[in-house]
Amino acid sequence: MARQVDESTCGSAVLAMLLLAGDPRRALDVASRPAGPAAAFATLQRTLKARTNRGPLGIPLWPDGLGTPPWGAARVARYGRVRYAHRVVGRRRGRDVLAAAAAAAGAGVPVPLFSGGDLDGGAAAAVPRHVVLLTAVGDGTARLYEPSSGSLHAVPEEALAAPDDVAGDDRAALTAALGGWPHVVWALLPRDARGLSPARRPLA
């Protein structure tokens with residue numbers, strides 16, 4: 001099962017899944033390693049975490065215990081030839097960022113999302129706490145890979161776009177898909193997703 005290797009590698013697991021989804025040869029290599037795919041996936045997570053959290057000459061840029069910073073993730077994230085830029089999901093432009101994320105996933109480009117609380121719970125609650133991968137959007141449903149469980153979740157697209165407007169089962173489904181957190185607070189959007197077929201829906 002494709003799960004994060006420890007409590008601080010949710011971002012690394014998401015970046016690993018993103019990389020493997022866009023590189024079938026690399027995915028085959030991981031699946032066929034003698035130690036087994038789980039061990040190879042764990043090694044890939046650690047490699048990616050070192051790249052997101054450290055700079056030239058291995059100089060630490062972010063504490064390993066705090067997981068993966070969005071800017072470090074954006075620097076390392078790859079889906080085939082697609083590169084990413086990080087965007088805050090704030091109150092003013094949050095819907096625009098989430099709409100762009102949904103459009104990218106609907107066109108076949110997975111999008112890493114950082115989840116957390118909101119400012120009503122204080123500044124500490126609104127910082128990124130977990131990372132999931134928006135793998136596909138279509139027919140009113142958003143599908144997300146959640147690395148702590150290694151599972152895929154399906155939630156209504158409107159719940160992802162406007163989480164404060166949903167309640168009940170839809171709200172519970174979204175919170176589970178976001179790893180126990182209620183909101184998306186940061187997103188990695190593709191810089192250029194041209195040329196990808198809308199029919200291509202990886203990991204769905």
TODO: Check whether V14 and V5 end up in the same hydrophobic cluster, where Ile, Leu, Val, Met, Phe, Trp and Tyr are linked by side-chain heavy atoms less than 4.5 Å apart.
DONE: no
Task: Non-hydrogen side-chain atoms of L19 and L44 separated by less than 4.5 Å - done: yes
TODO: State the NE2-OH distance between H153 and Y145, to the nearest 0.5 angstrom.
DONE: 10.5 Å
Task: Smallest separation among heavy atoms of F41 and A16, with atom names - done: CE1-CB, 3.5 Å
- [ ] To the nearest 0.5 angstrom, please state how far the CG atom of L113 sits from the CG atom of L98.
- [x] 7.0 Å
Open item on the list: Holding to side chain to side chain donor-acceptor pair (under 3.5 Å), I want the full list of residues that pass it with S148, two or more places apart in sequence or in another chain.
Closed with: E146
Using residues 20-31 as the side-chain source, report each donor-acceptor pair under 3.5 Å to any protein atom, sequence neighbours left out, with the distance given to one decimal.
from, atom 1, to, atom 2, distance (Å)
D23, OD1, R25, N, 3.3
D23, OD1, R26, N, 3.2
D29, OD2, R33, NE, 3.1
D29, OD2, R33, NH2, 2.7

TODO: Not counting sequence neighbours, which residues clear side chain to side chain donor-acceptor pair (under 3.5 Å) with D165? List them please.
DONE: R95
TODO: Go through the structure and list residues passing side chain to side chain contact (heavy atoms under 4.5 Å, CB included) with A100, not counting sequence neighbours.
DONE: L189
Open item on the list: Which heavy atom of V166 sits nearest to which heavy atom of A159, and what is that distance?
Closed with: CG1-CA, 3.7 Å
TODO: First locate atom CD of Q4, then atom NE2 of H130, and finally report the distance between them rounded to the nearest 0.5 Å.
DONE: 5.5 Å
- [ ] Please round to the nearest 0.5 Å and tell me the distance separating atom CZ of R129 and atom CG of L178.
- [x] 14.5 Å
Task: Residues that T9 engages under side chain to side chain donor-acceptor pair (under 3.5 Å), provided they are two or more places apart - done: D6, Q45
TODO: Any chance you could measure L160, atom CG, to L144, atom CG, to the nearest 0.5 Å?
DONE: 6.0 Å
Task: Closest approach of P182 to R171 (non-hydrogen atoms, all atoms of both residues) - done: CB-NH2, 3.4 Å
Open item on the list: Are the side chains of V89 and H183 in contact, using a 4.5 Å heavy-atom criterion?
Closed with: no
Task: Atom of V131, atom of C10 and distance for their closest heavy-atom approach - done: N-SG, 3.5 Å
TODO: Provide the closest heavy-atom pair for P112 versus L18 in the form atom of the first, atom of the second, distance.
DONE: CG-CD2, 4.0 Å
Open item on the list: So, using side chain to side chain contact (heavy atoms under 4.5 Å, CB included) as the criterion, who are the partners of T141 when residues are at least two apart?
Closed with: R143, A154
Open item on the list: Whether the side chain of T175 engages the backbone of A172 through a donor-acceptor N/O pair (distance < 3.5 Å, no angle test) should be reported.
Closed with: no
Open item on the list: Can a donor-acceptor pair be found, under 3.5 Å and without considering hydrogens, that links the side chain of R78 to the backbone of R75?
Closed with: yes
- [ ] Could you grab the distance from atom CZ of R191 to atom OH of Y84, nearest 0.5 Å is fine?
- [x] 11.5 Å
TODO: Any salt bridge (charged side-chain N to carboxylate O under 4.0 Å, His left out) involving residues 102-114? Give me the pairs, sequence neighbours left out, ordered by first then second residue.
DONE: none
- [ ] Looking only at non-hydrogen atoms, find the nearest pair between N53 and P69 and report the distance.
- [x] OD1-CD, 3.4 Å
Task: D96: side chain to side chain contact (heavy atoms under 4.5 Å, CB included) partners, not counting sequence neighbours - done: R93
TODO: Indicate yes or no: at least one non-hydrogen side-chain atom of L188 is less than 4.5 angstrom from one of F114.
DONE: yes
- [ ] Under the side chain to side chain contact (heavy atoms under 4.5 Å, CB included) rule, collect the residues that match up with P37, sequence neighbours excluded.
- [x] none
